[in-house]
Protein chains: 2
Amino acid sequence: MNKKVTLKSIAKELDVSISTVSKALKDSPEISKDTKQKIKAFAKFYNYKPNNIALSLKNRKTKTLGIIIPEIVHHFFTTVIKGIEQVANDEGYNVIVCLSNNSFDKEVINMEILANGSTDGFIMSVAKETQQKKDYHHLVETINQGMPVVMFDRMIPEINCDKVIIDDKKGARQAVQFLIDKGAKKVALLTTVDYVSVGKLRTTGYLECLESNDLPIDESLILKIEDMDHYAEKIEEFLKQTSCDSIFAVNEHFAVEAIRALRTQGKSVPEDVSVIAFTDGELSKHFIPSLTTINQKGLEMGATAAKLLIDKLERPEDEKELYQTVILETSLIERESTK
Amino acid sequence: MNKKVTLKSIAKELDVSISTVSKALKDSPEISKDTKQKIKAFAKFYNYKPNNIALSLKNRKTKTLGIIIPEIVHHFFTTVIKGIEQVANDEGYNVIVCLSNNSFDKEVINMEILANGSTDGFIMSVAKETQQKKDYHHLVETINQGMPVVMFDRMIPEINCDKVIIDDKKGARQAVQFLIDKGAKKVALLTTVDYVSVGKLRTTGYLECLESNDLPIDESLILKIEDMDHYAEKIEEFLKQTSCDSIFAVNEHFAVEAIRALRTQGKSVPEDVSVIAFTDGELSKHFIPSLTTINQKGLEMGATAAKLLIDKLERPEDEKELYQTVILETSLIERESTK
DNA sequence: TTGTACGCGTTATCAG
DNA sequence: CTGATAACGCGTACAA
């Protein structure tokens with residue numbers, strides 16, 4: 001078991017000073033060709049690599065980005081991570097991932113730990129509980145300490161930082177308009193409760209679109225789902241009591257359960273009812289019928305967030321105070337669940 | 001923007017020495033009650049937290065685990081990450097995630113970077129390309145440097161380290177036996193090429209099970225899929241040319257595409273053909289019909305791997321040479337795709 | 001009871 | 001051309 005080789009150990013072995021070794025390895029013109037060669041050969045042979053931790057301490061930069069997300073077993077979030085990782089790697093950054101599990105406390109703890117030297121900045125989507133509590137002290141504090149934060153998807157408008165979101169409202173309008181253009185008169189909405197920011201926006205988009213098409217807003221066509229525990233039952237119950245010609249679901253899971261419920265009622269998709277959903281995930285692609293969706297652009301979102309963060313990190317101190325919000329356009333992917 | 005507060009800055013402010021501050025904050029009995037109180041109050045007010053990087057450098061421990069996986073947009077891997085994260089957090093460790101994208105080069109680079117001080121050890125599933133090339137120098141080197149490595153799922157038998165795997169062969173036998181018990185005579189196999197270790201094991205399990213049931217092995221019932229790019233077409237083509245009464249697929253994507261292909265041929269699942277798959281993911285649960293699967297136990301796998309690694313990290317030097325391989329039992333989850 | 005000195009691994013500056 | 005020294009932030013043995 002060959003222990004780690006350091007500048008010091010090389011210096012001792014070759015009987016020169018540490019700084020000579022350091023300079024030689026950096027090809028400093030101060031050092032003679034001979035010694036450089038000798039040192040380089042030795043270092044290469046013993047596979048010397050500088051210690052990141054020591055460098056971080058010295059440079060006050062870790063070259064790693066902290067990602068905090070509510071949940072990782074979730075196609076959208078993994079896509080975002082992939083997007084972040086790609087640009088981060090290209091720029092020489094690493095990525096450290098923490099999960100809040102939608103818990104406020106865990107979000108706070110994770111941020112505090114990472115903020116103490118482990119990362120240069122954060123990319124995050126806030127926990128549901130945080131949005132509910134409206135307690136943002138941890139966010140404000142880390143930003144005030146000079147740590148840049150980029151929020152994506154579930155973000156907090158009041159907080160001063162860069163943001164990357166999709167145009168949820170517009171995407172929802174796009175979806176509903178698509179249904180209406182196909183002749184829909186009674187569009188049902190399967191959504192989340194209002195304190196989830198994206199759920200609320202998509203709901204608003206739905207309402208706006210009905211309005212601009214002079215269609216009545218029928219509260220009995222709207223189902224707001226509180227938690228993800230028994231949503232299937234709730235959707236089934238709901239669809240028994242309502243008759244609609246099409247459904248707009250704010251995520252693919254709601255859509256899939258709706259299709260299942262319809263099928264047990266003897267209705268088929270898209271013949272009797274069209275279904276469109278937000279979030280273009282694995283389910284949407286492979287389900288039968290495959291789902292017409294609004295693409296949430298996870299990859300692009302991650303990439304953009306990473307670019308924003310790295311940009312800020314590598315900018316001189318005084319130019320850091322300008323925050324921007326990037327709004328990604330959604331796109332509609334037509335598949336089999338609509339006609 | 002209040003810059004980071006350090007021991008030094010507190011010391012200067014309070015006009016005491018750095019070590020006094022350090023001791024006071026650690027409640028050392030050496031320090032008088034008065035100064036302790038004063039220092040603690042001050043530190044709390046300015047929200048002092050020790051710098052992780054400095055601690056890492058000093059303790060030669062980072063308290064973070066490196067995870068290297070081939071792909072993150074994949075339900076199984078995210079489940080494993082979740083499992084790792086849970087026990088890691090409980091034990092005071094953080095988790096840094098790197099993706100190899102199944103590329104050998106990226107795997108090597110990621111390992112080298114993280115091995116230089118960024119992590120205390122690794123949990124990994126090796127890239128497909130690495131399994132193909134059979135070049136394991138990076139693994140051997142980091143292990144020789146005293147960095148513990150735990151492999152899961154796609155592992156390399158020749159490498160000396162802890163491993164967590166499921167009993168792929170047994171799981172496959174379990175699946176095929178289940179079909180046979182239901183009366184299957186002609187079981188088709190949808191699998192990957194042999195250099196993917198888990199694919200090969202599942203294939204072997206399939207063959208063994210047929211044999212022990214005195215069923216003939218019919219090569220025309222076996223499809224080995226090279227890459228994930230056009231697998232749907234290949235499966236469709238394959239199923240056109242073969243007639244079987246049931247299908248065992250080594251992952252849920254193959255299974256789903258098989259069902260789709262069967263349906264276009266006018267066959268229905270499970271009435272005409274039963275389908276069973278490895279990997280219990282989102283698709284399996286929500287697909288119609290939902291899939292009977294062999295559960296790959298991602299959560300458990302991650303948790304076990306993390307426990308093994310942390311155990312090794314916190315064990316004294318001399319006890320580290322014993323490596324163990326934990327084999328997790330699979331379980332069969334019966335759903336709608338078999339009868 | 002408090003402070004000094006040293007070391008973790010690195011680099012930059014300055015002296016020889 | 002080479003080497004000594006200080007500094008990044010922290011903890012601790014030892015000295016005062």
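Numbered from 1 within each chain, the chains take letters A, B, ... in sequence-line order. Fair warning: this is a prediction, and the values are worked out from it, not measured in the lab.
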Calculate the interatomic distance between A:I18 atom CD1 and C:dG9 atom C1'; express it in whole Å. 8 Å

Distance check: side-chain N/O of A:K8 vs OP1/OP2 of C:dC8, anything under 4.0 Å? yes

Side-chain donor/acceptor of A:K36 to backbone N/O of A:S28, under 3.5 Å: yes

Mind checking B:K58 for me? I need base, sugar-phosphate or nothing, with any heavy atom below 4.0 Å counting as a touch. base

For the residue pair B:V21 and B:L14, establish whether any side-chain heavy-atom pair is separated by less than 4.5 Å. no

Expected output: side-chain B:K163 to main-chain B:P157 donor-acceptor under 3.5 Å: yes

Rounded distance in Å - NZ (A:K4) to P (C:dG7): 22 Å

Treating A:N52 as the side-chain partner and B:I113 as the backbone partner, does any N or O pair qualify as donor plus acceptor under 3.5 Å? yes

Is the closest side-chain donor-acceptor distance between A:R154 and A:N102 under 3.5 Å? yes

Protein-nucleotide distance (B:L7, atom CG; D:dC8, atom C1'), rounded to Å: 13 Å

Can you tell me if B:D135 uses its side chain to pair, donor with acceptor, with the backbone of B:H137 under 3.5 Å? yes

In whole angstrom, what separates A:N59's CG from D:dG9's P? 12 Å

Along DNA chain C (nearest heavy atom to each residue), the more 5'-positioned of B:R60 and B:V16: B:V16

With respect to the phosphate group of D:dT2, does any side-chain polar atom (N or O) of A:S17 fall under 4.0 Å of OP1 or OP2? no

Expressed as a whole number of angstroms, how long is the span from A:Y48:OH to C:dG9:P? 10 Å

What's A:S19 touching, base or sugar-phosphate or nothing? Going by heavy atoms closer than 4.0 Å. base

Take B:K49 and B:E30, find for each the nucleotide of DNA chain D with the closest heavy atom, and name the residue whose nucleotide sits nearer the 5' end. B:K49

OP1 or OP2 of C:dT2 sitting under 4.0 Å from any side-chain N/O of B:T20? no

Across the strands shown, which category fits A:T6 at heavy-atom distances under 4.0 angstrom: base, sugar-phosphate, nothing? sugar-phosphate

May I ask you to verify whether the side chain of B:T35 and the base of C:dT2 hold a donor-acceptor pair under 3.5 Å? no

Considering only side-chain heavy atoms of B:K23, which listed nucleotide, C:dG3, C:dA12, D:dC10, is closest? C:dG3

With the side chain of B:N51 defined as its heavy atoms from C-beta on, choose the nearest nucleotide among C:dC8, D:dC10, C:dG3. D:dC10

Checking all strands, does B:L55 fall into the base, sugar-phosphate, or nothing category for heavy-atom contacts under 4.0 angstrom? sugar-phosphate

Using atom CG of B:L57 as one end and atom P of C:dG7 as the other, report the distance to the nearest whole Å. 14 Å

Candidates D:dG11, C:dT2, D:dT2 - which lies nearest the side chain of B:S32: C:dT2

Send over the distance from B:Q37 CD to C:dT1 C1', rounded to a whole Å. 16 Å

Atom CD1 of B:I53 and atom C1' of D:dA7: how far apart are they, to the nearest Å? 16 Å

